[in-house]
Amino acid sequence: MHGHRGRWLALVALVLVAGTGAVHAQYNVPAQASGKSSVEIATSGNEIAIAEPKTELGGELGASLDFLTRDRAAGLPEYKFTDVVFFRLHGLLAVGKRTELFGGVDLLPKQPSYTNEMRWQGGLIGLRHSLTNKYSMYLRGRGGPQLDKQGYWVMGEAAVQSKIHLAERVLFWDSTIGGTYTQLFPDEGTVPAWQAELLAETGIALRDRKGVFAAWFTFTFHFPLIATPGRGSPDPATGLVLDPQTRVGVALGALIGVTKTLDFFIETSILDRGDLQDPTTTLPILSGGFDQTRTLFGFNKRFGARKR
């Protein structure tokens, strides 16, 4: 009974976070595809278009290669560079003056010979709405298979964002606050496995006035709120226990604009999630479920009204 009550409280808190006041500008496409909320300006190249919204139809399409590495742990081999590679497709469509729909899909073309993960590794769909030139909010949902094909997972995320111009159209300070809810659907077991976290992010983005070059540096924090089954009541069928820990992510990226509609970008990030030697502090998810380092290479192609 207490678990169900806590679950509903977490959902209500998530809705309240999504509905509160302040948020920000363009939410970036590579971040939408990778499942995190990095600083936007660097990858969009169209902050001016957001500040002065247009009615013409526009959007973005892109793709990236994402290389995942991790350290060795007890009973677990390390992942070296090129051992695990994701191929990501992502897109964004402007709807009206201030609303955008976005989505993405993750595929797994490369994995170690001793693993047998699904080629399809997840999908994402979401909506972002600019409230003013400085504030916006977004909602998004993600889902994919668990490790070793043991089931599936879904995640909902809602957040508000703010952007402060430290130097007009050159230096920006972006911040995000919101919440996430993750549900596991194992092939076996009757006890629901889910957790809710508070999301906080802050970062700096630097770009030249024409948007030809940009760079960004961000810190992301996840603070656990509620998780079940906990250490005191493991799943009787699977023995699953969730014991999430406070986690921190760091990302550093750069972009080069080749034309007014085409950008190439690179981002490296470190995700600190639990302890590989204690599975209860991680999630059975290949992308983002445990400590890992990511290196992302990709491009964005804009069309319609979305030009630098």
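Along the sequence shown, residues are numbered consecutively beginning with 1. All values reported here derive from a predicted model rather than from experimental measurement.
Electrostatic pairing of Glu100 and Arg128 counts as a salt bridge here, judged by a charged N lying under 4.0 Å from a carboxylate O. Between Arg302 and Asp263, at least one side-chain N (NZ, or NE/NH1/NH2) sits under 4.0 Å from a carboxylate O, which counts as a salt bridge.
Of all non-hydrogen atoms in Asn116 and Lys149, the two that sit nearest each other are O-CE, 2.9 Å. The two residues Thr202 and Ser175 have their closest heavy-atom pair at OG1-OG, 3.5 Å. Shortest non-hydrogen contact noted between Gly203 and Trp173 is O-CD1, 3.2 Å. Summarising the geometry of Leu89 relative to Ala63, their closest heavy-atom pair is CD2-CB, 3.8 Å, with the distance given to 0.1 Å. Closest approach of Glu197 to Leu225, counting heavy atoms only: C-CD1, 4.0 Å. The minimum heavy-atom distance linking Thr69 with Lys80 is given by the pair CG2-C, 3.6 Å.
Two different hydrophobic clusters hold Val85 and Tyr79 under the rule that ILVMFWY side chains link at heavy-atom gaps under 4.5 Å. Cluster membership check: Leu68 does not share its hydrophobic cluster with Val250, using side-chain heavy-atom separations under 4.5 Å among Ile, Leu, Val, Met, Phe, Trp and Tyr. Both Phe223 and Trp194 are part of a single hydrophobic cluster, where members link through side-chain heavy atoms under 4.5 Å apart. At a threshold of 4.5 Å between side-chain heavy atoms, the hydrophobic network of Ile, Leu, Val, Met, Phe, Trp and Tyr places Leu286 and Met155 in two separate groups. Phe290 and Val248 are members of different hydrophobic clusters when ILVMFWY side chains are connected at heavy-atom separations under 4.5 Å.
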Self-check item: Verdict with reasoning, Asp278 to Thr280, per side-chain hydrogen bond (donor to acceptor under 3.5 Å, both in side chains)
Solution: CA-CA 6 Å; Asp278 184 358; Thr280 66; 2.7 Å; yes

Quiz item: Which is it for Ile177 and Leu199 under the side chain to side chain contact (heavy atoms under 4.5 Å, CB included) test, yes or no, and what are the steps along the way?
Solution: CA-CA 6 Å; Ile177 186 166; Leu199 164 68; over 6 Å; no

Quiz item: Which is it for Glu157 and Tyr138 under the side chain to side chain contact (heavy atoms under 4.5 Å, CB included) test, yes or no, and what are the steps along the way?
Solution: CA-CA 8 Å; Glu157 181 176 327; Tyr138 71 84; 2.4 Å; yes

Exercise. Determine, stepwise, if the pair Phe299 / Leu262 fulfils side chain to side chain contact (heavy atoms under 4.5 Å, CB included).
Key: CA-CA 7 Å; Phe299 73 91; Leu262 179 63; 3.9 Å; yes

Self-check item: Working for side chain to side chain contact (heavy atoms under 4.5 Å, CB included), residues Thr261 and Phe303
Solution: CA-CA 7 Å; Thr261 60; Phe303 58 89; over 6 Å; no

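With sequence neighbours left out, Leu271 forms a side chain to side chain contact (heavy atoms under 4.5 Å, CB included) with Arg247, Arg273, Gln292.
In the displayed structure, Ile125 atom CD1 is contacted under 6.0 Å by at most 12 heavy atoms of other residues, nucleotides or ligands.
Looking at Asp106 and Phe87, their side chains never come closer than 4.5 Å, going by heavy atoms from C-beta outward. Within the 4.5 Å cutoff, no side-chain heavy atoms of Trp216 are placed close to those of Ile204. Residues Ile266 and Leu255 are not in side-chain contact: their nearest non-hydrogen atoms beyond the backbone lie 4.5 Å or more apart. Using a 4.5 Å cut-off on side-chain heavy atoms (C-beta onward), Asp71 and Glu78 make no contact. Using a 4.5 Å heavy-atom cutoff, the side chains of His90 and Asn300 are in contact. Between Val84 and Lys110, the closest side-chain pair of non-hydrogen atoms is not below 4.5 Å. Between Tyr181 and Gln195, the closest side-chain pair of non-hydrogen atoms is not below 4.5 Å. Residues Arg88 and Leu296 meet the side-chain proximity criterion, which asks for heavy atoms closer than 4.5 Å.
To the nearest 0.5 Å, the span separating CG on Asp272 from OG1 on Thr246 amounts to 9.5 Å. Here OG1 of Thr132 is found 9.5 Å from NZ of Lys163. Values are rounded to the nearest 0.5 Å. If you take CG on Asp291 and CD1 on Ile270, they are separated by 10.0 Å, rounding to the nearest 0.5 Å. If you take OG on Ser287 and CZ on Arg142, they are separated by 6.0 Å, rounding to the nearest 0.5 Å. Between the CG atom in Asp83 and the CZ atom in Arg70 there is a gap of 10.0 Å [rounded to 0.5 Å]. Atom-to-atom distance recorded for Thr182:OG1 and Ile285:CD1 is 6.5 Å, nearest 0.5 angstrom.
The closest donor-acceptor contact from the side chain of Gln121 to the backbone of Met118 lies under 3.5 Å. Formation of a donor-acceptor pair under 3.5 Å by the Gln245 side chain with backbone atoms of Thr281 is not found in this model. Under a 3.5 Å cut-off, the side chain of Asp275 and the backbone N or O of Gln277 do form a donor-acceptor pair.
The aromatic rings of Phe67 and Phe297 sit perpendicular to each other, their planes meeting at more than 60°, with 30° as the lower class boundary. Ring pair Phe217/Phe219 is perpendicular by interplanar angle, where above 60° counts as perpendicular and below 30° as parallel.
Between Trp153 and Phe185, the distance from one ring center to the other does not fall under 6.0 angstrom. Taking the six-membered ring for Trp, His165 and Phe172 have ring centres closer than 6.0 Å.
In this model, no donor atom of one side chain and acceptor atom of the other lie less than 3.5 Å apart for Ser162 and Lys134.
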